[in-house]
Amino acid sequence: YSWSLAGTWVLDLFGVSTNAWLASRWDAAAASGQREAQSMAVASQVGLAVFDWMTARDILALVEAQVAAQEELMSLTESRFARSEAAGLDVLLQRQQLAATKSALPGAQAQVLRAKGFLAMLLGKTSAELEGAESRLPVSLPVPRLPSGMGTPGELLAARPDLRIAAAGLNAAERRK
């Protein structure tokens with residue numbers, strides 16, 4: 001039997017292959033940073049959409065409560081007018097106030113639907129799929145506590161994904177020179 005082994009080895013005198021490999025590692029780090037930055041952006045958009053939906057619901061509830069209160073006041077004003085304790089002008093003014101408040105209802109309802117639709121779009125769902133979600137939303141959003149040791153300004157900047165992406169891209173470009 002006869003055995004032979006053949007192999008080649010590329011001598012990287014000027015570091016071209018090494019720099020290409022290092023550049024690819026920096027490109028991978030930049031891609032990872034881009035994924036993290038996109039995740040943070042989507043999460044913040046979803047949080048804002050939930051907040052907008054909750055706010056729109058609260059405004060609608062407030063307008064509905066105002067309409068109910070003004071309908072009750074209208075009833076009281078009409079009964080006072082029937083007993084000659086109020087002038088016809090009082091009834092007219094209360095009717096106008098009630099009509100003005102009722103006119104705010106369609107806008108408030110549309111805002112709830114708009115905010116719910118935007119949230120559904122961000123989540124990749126339909127508005128109908130979010131029907132039961134209203135009961136699971138918190139009554140109010142908790143105020144986040146900031147950690148006490150946030151670090152130095154340089155550490156805060158280093159934690160930003162967009163700056164890490166730029167640094168990784170710069171390092172990759174330097175390796176490709």
Side-chain angles (χ1 to χ4, degrees), residues 5-67 100-101 103-177:
L5 181 62
T8 61
W9 182 56
V10 177
L11 186 60
D12 191 13
L13 288 177
F14 299 104
V16 173
S17 297
T18 302
N19 283 333
W21 179 80
L22 289 173
S24 72
R25 301 301 299 160
W26 284 112
D27 286 338
S32 173
Q34 287 174 342
R35 184 183 66 242
E36 182 183 341
Q38 287 300 316
S39 295
M40 289 174 67
V42 169
S44 69
Q45 285 293 321
V46 168
L48 288 172
V50 168
F51 181 76
D52 288 345
W53 187 26
M54 290 173 60
T55 302
R57 284 184 20 214
D58 289 347
I59 290 171
L60 177 60
L62 180 65
V63 171
E64 288 172 343
Q66 284 179 330
V67 166
T101 305
S103 71
L105 272 174
Q109 292 165 339
Q111 184 59 33
V112 169
L113 291 175
R114 207 176 357 237
K116 185 178 181 181
F118 185 67
L119 177 61
M121 182 206 54
L122 285 174
L123 296 175
K125 299 182 180 278
T126 64
S127 292
E129 290 176 301
L130 293 182
E131 278 307 314
E134 291 182 14
S135 62
R136 293 190 307 267
L137 288 176
V139 174
S140 63
L141 290 176
V143 177
R145 289 186 325 147
L146 295 175
S148 60
M150 296 280 297
T152 64
E155 290 169 346
L156 289 174
L157 288 175
R160 287 184 46 185
D162 58 335
L163 295 179
R164 286 199 315 258
I165 293 167
L170 178 64
N171 286 334
E174 286 176 354
R175 293 294 177 185
R176 286 191 185 94
K177 281 188 193 177

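Model, not experiment: these values are computed from the prediction.
Smallest separation of non-hydrogen atoms from Val63 and Thr101: CG1-O, 3.9 Å. Of all heavy-atom pairs between Pro106 and Ser103, the closest is CD-O, 3.4 Å. Shortest non-hydrogen contact noted between Ser127 and Ala120 is N-CB, 3.8 Å. Considering every non-hydrogen atom in both Leu60 and Ala108, the closest pair reads CD1-CB, 3.8 Å. Contact between Trp53 and Leu130 at its shortest, heavy atoms only, is CH2-O, 3.9 Å.
With sequence neighbours left out, Arg114 forms a side chain to side chain donor-acceptor pair (under 3.5 Å) with Gln111. Thr126 pairs by the side chain to side chain contact (heavy atoms under 4.5 Å, CB included) definition with Ala128, Glu129, not counting sequence neighbours. By the side chain to side chain contact (heavy atoms under 4.5 Å, CB included) test, Gln38 pairs with no residue at all, sequence neighbours left out.
Separation of atoms CH2 (Trp26) and CD1 (Ile165) is listed at 13.5 Å; rounding is to 0.5 Å. Taking CG from Leu62 and CG from Asp58, the interatomic distance works out to 8.5 Å, rounded to the nearest 0.5 Å. To the nearest 0.5 Å, atom CG of residue Leu163 and atom CG of residue Leu170 are 12.0 Å apart.
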Tell me, with the steps shown, if Glu131 and Lys116 meet salt bridge (Lys or Arg N to Asp or Glu O under 4.0 Å).
-> CA-CA 9 Å; Glu131 278 307 314; Lys116 185 178 181 181; 2.5 Å; yes

side-chain contact (heavy atoms from CB on, under 4.5 Å) evaluation trace for Asn19 with Leu22 = CA-CA 5 Å; Asn19 283 333; Leu22 289 173; 4.2 Å; yes

Working for side-chain contact (heavy atoms from CB on, under 4.5 Å), residues Leu122 and Val42 = CA-CA 8 Å; Leu122 285 174; Val42 169; 5.8 Å; no

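Side chain of Ser32 to backbone of Ala29: no donor-acceptor contact under 3.5 angstrom is found.
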